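First comes the structure, then the notes that go with it.
All values reported here derive from a predicted model rather than from experimental measurement. Nothing fancy with the numbering, it's 1 onward along the sequence.
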Amino acid sequence: QVQLVESGGGLVQPGGSLRLSCAASGTIFSIATMAWYRQAPGKERELVAAITSGGRGNYADSVKGRFTISRDNAKNTVYLQMNSLKPEDTAVYYCNGDLRRWPYSPTTWYWGQGTQVTVSS
């Protein structure tokens with residue numbers, strides 16, 4: 001079994017910061033790309049940021065310059081540092097990872113259960 005567990009969500013005022021974490025556990029041989037998505041009420045899930053196993057990140061235009069994605073490969077963990085938060089960042093944030101469970105198995109995408117981020121005064 002593989003689990004991705006997010007943490008770090010909560011309520012923050014506009015202009016504030018939060019740091020999300022997502023730890024993958026279980027039988028994992030390697031993890032390629034890891035990513036953060038978000039889904040606001042009534043909207044489709046959208047990609048926020050992604051990072052390769054080598055540490056190269058890319059971001060949605062709406063969060064560039066405010067959010068930073070990083071990862072610790074030794075801990076199978078991905079982080080999302082969110083600064084200068086805006087009310088429109090309010091959403092459930094999900095992490096996912098492209099995992100290989102055994103040396104010669106194909107990769108499969110796994111999702112976490114999500115963590116709520118609310119930006120409000």
Side-chain angles (χ1 to χ4, degrees):
Q1 282 286 48
V2 171
Q3 278 192 312
L4 273 66
V5 179
E6 300 101 334
S7 61
L11 173 64
V12 64
Q13 292 187 342
S17 298
L18 281 176
R19 188 191 193 212
L20 305 183
S21 300
C22 172
S25 63
T27 303
I28 299 170
F29 175 73
S30 65
I31 307 177
T33 300
M34 301 188 80
W36 288 96
Y37 285 74
R38 67 185 180 187
Q39 187 166 20
K43 294 188 176 181
E44 293 187 354
R45 191 172 296 189
E46 63 174 356
L47 176 66
V48 176
I51 186 167
T52 66
S53 58
R56 184 171 60 193
N58 63 80
Y59 300 89
D61 288 343
S62 59
V63 306
K64 280 181 181 176
R66 300 188 299 122
F67 291 10
T68 302
I69 190 169
S70 61
R71 63 190 285 173
D72 184 333
N73 291 333
K75 296 181 179 179
N76 288 336
T77 299
V78 63
Y79 305 96
L80 186 68
Q81 178 66 44
M82 304 185 294
N83 299 328
S84 302
L85 282 161
K86 304 175 181 179
E88 51 263 43
D89 295 317
T90 295
V92 178
Y93 284 70
Y94 299 89
C95 75
N96 78 349
D98 191 18
L99 276 62
R100 191 185 306 276
R101 297 193 65 193
W102 298 281
Y104 301 105
S105 65
T107 59
T108 304
W109 288 96
Y110 290 85
W111 288 88
Q113 82 289 349
T115 185
Q116 177 70 47
V117 171
T118 302
V119 185
S120 175
S121 55

### Task
Check step by step if side-chain contact (heavy atoms from CB on, under 4.5 Å) holds for S25 and N76.
CA-CA 7 Å; S25 63; N76 288 336; over 6 Å; no

Are [X] and [Y] side-chain neighbours, meaning at least one heavy-atom pair lies under 4.5 Å?
{"X": "F29", "Y": "L99", "answer": "no"}
{"X": "R38", "Y": "E46", "answer": "yes"}
{"X": "C95", "Y": "M34", "answer": "no"}
{"X": "L20", "Y": "V117", "answer": "yes"}
{"X": "S21", "Y": "K75", "answer": "no"}
{"X": "V119", "Y": "V12", "answer": "yes"}

Distance in Å, [X] [atom1] paired with [Y] [atom2], rounded so as to fall on 0.5 Å steps:
{"X": "L80", "Y": "Y59", "atom1": "CG", "atom2": "OH", "answer": "8.0 Å"}
{"X": "D98", "Y": "I31", "atom1": "CG", "atom2": "CD1", "answer": "9.5 Å"}
{"X": "T68", "Y": "N83", "atom1": "OG1", "atom2": "CG", "answer": "6.5 Å"}
{"X": "E44", "Y": "Q39", "atom1": "CD", "atom2": "CD", "answer": "8.5 Å"}
{"X": "E6", "Y": "C22", "atom1": "CD", "atom2": "SG", "answer": "5.0 Å"}
{"X": "Q81", "Y": "L18", "atom1": "CD", "atom2": "CG", "answer": "8.5 Å"}

### Task
Going by the side chain to side chain contact (heavy atoms under 4.5 Å, CB included) test, name the single residue among I51, I69, N96, L47 that passes it with W36.
I69

Testing the basics here: between [X] and [Y], what is the closest heavy-atom pair and its distance to 0.1 Å?
{"X": "A40", "Y": "A91", "value": "N-CB, 3.8 Å"}
{"X": "L4", "Y": "G97", "value": "CD2-N, 3.7 Å"}
{"X": "S120", "Y": "P14", "value": "C-CD, 3.6 Å"}
{"X": "S17", "Y": "S84", "value": "OG-N, 4.4 Å"}

### Query
Taking everything shown except E88 itself, do over 12 heavy atoms lie less than 6.0 Å from its CD?
yes

### Query
CD of Q116: more than 12 outside heavy atoms within 6.0 angstrom?
yes

### Query
Would you say the side chains of N73 and R71 form a donor-acceptor pair under 3.5 Å?
yes

#### Entry: Verdict with reasoning, D61 to K64, per salt bridge (charged side-chain N to carboxylate O under 4.0 Å, His left out)
CA-CA 5 Å; D61 288 343; K64 280 181 181 176; 3.2 Å; yes

#### Entry: side-chain contact (heavy atoms from CB on, under 4.5 Å) evaluation trace for Y79 with D72
CA-CA 8 Å; Y79 305 96; D72 184 333; 4.1 Å; yes

### Task
Kindly determine whether D89 and M82 satisfy side-chain contact (heavy atoms from CB on, under 4.5 Å), including the steps that lead there.
CA-CA 9 Å; D89 295 317; M82 304 185 294; over 6 Å; no

### Query
Side-chain heavy atoms under 4.5 angstrom apart, residues restricted to Ile, Leu, Val, Met, Phe, Trp, Tyr: same cluster for V48 and L85?
yes

### Message
When you group the ILVMFWY residues by side-chain heavy-atom contacts below 4.5 Å and let the links chain together, are V78 and F67 in the same group?
### Response
yes

### Query
Any idea how Y94 and W111 line up, ring-wise: parallel (<30°), tilted (30 to 60°), or perpendicular (>60°)?
perpendicular

